[in-house]
Amino acid sequence: MQAIILAAGMGRRLGELTKENTKCMVPVNGIPLIDRLLRQLSGLTLNRVIIVVGYQGRKLIDYIGHRYDEKLKIEFAENPVYDKTNNIYSLSLVKGQLQEDDTLLIESDLIFSDRFFPMIVDNPYPNLALVAKYESWMDGTMVRLDDEQHIVNFISKEAFDYRDVGAYYKTVNIYKFSRSFLQHQYVPFLDAYTKAVGNNEYYENVLRIISMLDSHQMKALPVGNEKWYEIDDKQDLDIAEALFADDQDVIRKYYGRYGGFWRFPQMLDFCYLVNPYFPSKRMKDELRANFDTLLTEYPSGMKVNTLLASKCFGVSEHYIVPGNGAAELIKVLMEENVKGITGFVRPTFEEYPNRFDSSKQISFVSKKEDYRYSADDLMDFFGEKEIKTLMLVNPDNPTGNFIPKADVLRLAAWCEERGIRLVVDESFVDFSVDYKTNSLLSDAILEAYPHMAVMKSISKSFGVPGLRLGILASADTALIIDIKKEVSIWNLNSFAEFFMQIYNKHEKDYLRACDKFLAERDDFERQLKAIPYLRVLPTQANYFLCEVLPPHTAREIVIYTLRRHNILTRDCSLKPGLDPDRQFMRIAVRNHEDNGRLIEALKTFGQQ
């Protein structure tokens, strides 16, 4: 068997990364793609490796040099018109060598699991393509399979239909061909096709024609959950570096993304702090039905969106400001409207202290083993401090600590007496027991405590983080006016605006979703408590702070669940306010099926 690597392309979409190098010389986590590929091929028994070069070909040849001579016999072929042709021409340049042996055909812009080559080489079927179930990041050649995994059609970009994606597979661009197939079918069709159509085409088009003859010459081998990525641009490179990071770097690569994990469709994200049961299908159908209009029309300005927020959340329009996520409002509040010494409760959501002068912060840290605290604890601690503002996340993140509404109002009255602004972030309050009566969002409450401001991220309990929607409410109208001046007049997109427009007619579904969540959290807590190396802290939010008991560490559990089960969890051990000598994880509550997957992964970790 031989291997042929196509490496003639210019890789323009990678910008400056390929200005002086061909695409396969781009490093992923410090290792050039070509080195990773040749190392993987070194584990096979091959008669030779032929690399078709073009753009910056001499640099590639010099780079490879003789470093692999002991393991591989490497030959080169050159495509001198790489800028005027496509990969069908690169392959036609070695059509003679193609017919001399069984062949692995590989494109050089791939990064993939070490299992791929053994999978395809050890499979007894002679003509085989590695394929992966279609995911949204994939581009290029798609195929359809029959019940016996024969490739019955290659789908061109022109024929691609999003209604059929459930039946599509993406070719990984690693193929195995028998010498007989290459001699008697592929190369003759390759010659005919290039003569008829030209050289600025793709070699898969020849396979498409062969598949149309109903000859069943090609089969597909799905790669399942094995990792791979095709690197065409900088975004692809960024994702590939996360997928293939080593254990020392993998957590930083994922956590540093701050979301966007839909780009990893097979990964289960337990850092994801949202309601798993809302929006309802009915509400999503209504959003879909209006997709074209919402995508192509401008959203309304601040005045209209303030009225919608007022209607949606039951607060006077004079007391409320909607934001592009709570994050926008937090930034404006902390950087422009909070003055003087400010009190924080640690551990907490770090966006608040991160947006404020560290020299003006005073932090309360609970002395209790489970980090519980009450309104009285805060009043006792801050009563001796000259603070101008007190920040409270309730329920808190990551501890899940919850101060009942009556006690929060006592704290608000205490702050009023002292001229202290109390900011309460109640983004997770709808996950609390008796959630229907726990919110502070009402005109009567806000008017009774004008020094209080209430922040709420709509991402969390409403399950719509992609909309980027949050609100801030206060009877301090001067504060509301100041914040409105600081944010853009068009700070909400049309989808977020439409969500607020239609929410009230779906409110019963929302209440049912919250009730369903509470039952699921109780069940998940019971299962987590059965994991012997975790101590599960009580919570009123949609996550559990779990202490990892010795000798285990949170980091090794996070890496294990990510590597072995493709499940991402959060290591909180270094979070300010938590005991640095103890280990902690924060585990979100998802739906019943997802929670069950994590429980099984945690059980297998304990059995190692």
Side-chain angles (χ1 to χ4, degrees), residues 11 13-18 21 23-37 39-40 107-116 130 132-140 170 172-174 223-274 327 350 459 465-466 543 553-575 585-588 590 594 597-598 601 605:
R13 283 185 282 172
L14 280 162
E16 69 273 10
L17 296 177
T18 51
N21 292 309
K23 188 161 39 168
C24 67
M25 290 177 68
V26 171
V28 178
N29 295 324
I31 302 174
L33 286 169
I34 190 64
D35 282 320
R36 183 182 175 93
L37 175 54
R39 176 188 61 79
Q40 290 171 315
E107 295 192 24
S108 64
D109 58 357
L110 301 172
I111 184 169
F112 48 87
S113 162
D114 287 346
R115 284 180 42 80
F116 274 23
L130 291 184
K133 197 71 175 148
Y134 173 79
E135 294 174 357
S136 59
W137 63 269
M138 296 174 179
D139 190 20
K170 169 72 176 72
V172 176
N173 298 331
I174 299 176
V223 299
N225 293 326
E226 295 292 333
K227 293 179 181 178
W228 72 284
Y229 222 80
E230 183 176 8
I231 301 175
D232 286 325
D233 55 36
K234 292 180 180 179
Q235 178 66 54
D236 293 337
L237 179 60
D238 178 64
I239 293 171
E241 289 202 325
L243 282 170
F244 290 91
D246 61 27
D247 287 353
Q248 299 302 314
D249 210 27
V250 64
I251 302 304
R252 182 183 65 84
K253 293 281 189 182
Y254 277 95
Y255 290 174
R257 303 183 71 85
Y258 298 104
F261 292 128
W262 50 267
R263 290 188 173 90
F264 305 84
Q266 296 181 27
M267 188 180 75
L268 199 54
D269 176 16
F270 271 84
C271 302
Y272 179 72
L273 304 181
V274 302
E350 287 296 313
S459 299
Y543 44 82
T553 66
R555 180 179 177 80
E556 67 182 359
I557 297 171
V558 170
I559 291 175
Y560 171 81
T561 59
L562 182 60
R563 295 292 200 203
R564 297 285 295 276
H565 299 275
N566 214 3
I567 298 174
L568 182 66
T569 51
R570 174 69 65 174
D571 179 357
C572 288
S573 302
L574 298 179
K575 197 170 184 71
M585 296 174 63
R586 190 192 67 196
I587 298 175
R590 293 181 59 106
D594 292 346
R597 274 186 58 187
L598 177 62
F605 174 81

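Salt bridge status for D269 with R590: absent, with no side-chain N to carboxylate O gap under 4.0 Å. Salt bridge absent: D594 and R597 never bring a charged side-chain N and a carboxylate O closer than 4.0 Å. Taking the charged nitrogens against the carboxylate oxygens, D232 and K23 do have a contact shorter than 4.0 Å, which makes a salt bridge. With respect to the salt-bridge test (charged N to carboxylate O, under 4.0 angstrom), the residues E556 and R563 do not qualify.
Counting all heavy atoms, side chain and backbone alike, A588 lies closest to L273 at CB-CD2, 3.7 Å. Between E226 and S113, the shortest heavy-atom contact is OE1-OG, 2.8 Å. Pairing each heavy atom of G30 with each of P27, the nearest pair is C-CB, 3.9 Å. Nearest approach of A242 to F264, heavy atoms of both residues: CB-CZ, 4.0 Å. Between A132 and V172, the closest heavy-atom pair is N-CG2, 4.1 Å. Scanning all heavy atoms of the two residues, the minimum distance from S459 to P465 falls at OG-CA, 3.3 Å.
Between the side chain of E241 and the backbone N or O of N29, at least one donor-acceptor pair lies under 3.5 Å. Remark: the backbone N or O of G11 is paired with a side-chain donor or acceptor of T18 at under 3.5 angstrom.
Remark: R257 CZ is packed, more than 12 non-hydrogen atoms of other residues, nucleotides or ligands lying under 6.0 Å away.
If you take CE on M585 and OG1 on T561, they are separated by 6.0 Å, rounding to the nearest 0.5 Å. In this structure, CD1 in I557 is found 4.5 Å from CZ in F605, a value given to the nearest 0.5 Å. The structure places CG of L243 at 4.5 Å from OH of Y254, a figure rounded to the nearest 0.5 Å. For the atom pair R586 CZ and T569 OG1, the distance stands at 10.0 Å (nearest 0.5 Å). Summarising the geometry, atom CZ belonging to R570 is positioned 9.0 Å from atom CD1 belonging to I251; distances are rounded to the nearest 0.5 Å. Atoms CZ and CG, on F270 and L568 in that order, are 10.5 Å from each other to the nearest 0.5 Å.
Taking the six-membered ring for Trp and thresholds of 30 and 60 degrees, Y229 and W137 have nearly parallel ring planes, at less than 30 degrees apart.
Put simply, the side chain of Y560 reaches to within 4.5 Å of the side chain of H565, judged on heavy atoms. In this structure, V26 and K234 have side chains that are not in contact, with every pair of non-hydrogen atoms separated by 4.5 Å or more. Contact check for Q40 versus F112: side-chain heavy atoms found under the 4.5 Å cut-off. Between R39 and D35, the closest side-chain pair of non-hydrogen atoms is not below 4.5 Å.
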### Worked check of side-chain contact (heavy atoms from CB on, under 4.5 Å) between N225 and M267
CA-CA 10 Å; N225 293 326; M267 188 180 75; over 6 Å; no
### Task
Show your reasoning for whether side-chain contact (heavy atoms from CB on, under 4.5 Å) applies to D109 and D236.
CA-CA 10 Å; D109 58 357; D236 293 337; over 6 Å; no
### Task
Verify side-chain contact (heavy atoms from CB on, under 4.5 Å) between W228 and F116, making sure each step is shown before the conclusion.
CA-CA 9 Å; W228 72 284; F116 274 23; 3.7 Å; yes
### Query
Where do L268 and N566 land on the side-chain contact (heavy atoms from CB on, under 4.5 Å) test, with the steps shown first?
CA-CA 6 Å; L268 199 54; N566 214 3; over 6 Å; no
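Looking at R263, K170, Q266 one by one, the single match for side chain to side chain donor-acceptor pair (under 3.5 Å) with E135 turns out to be Q266.
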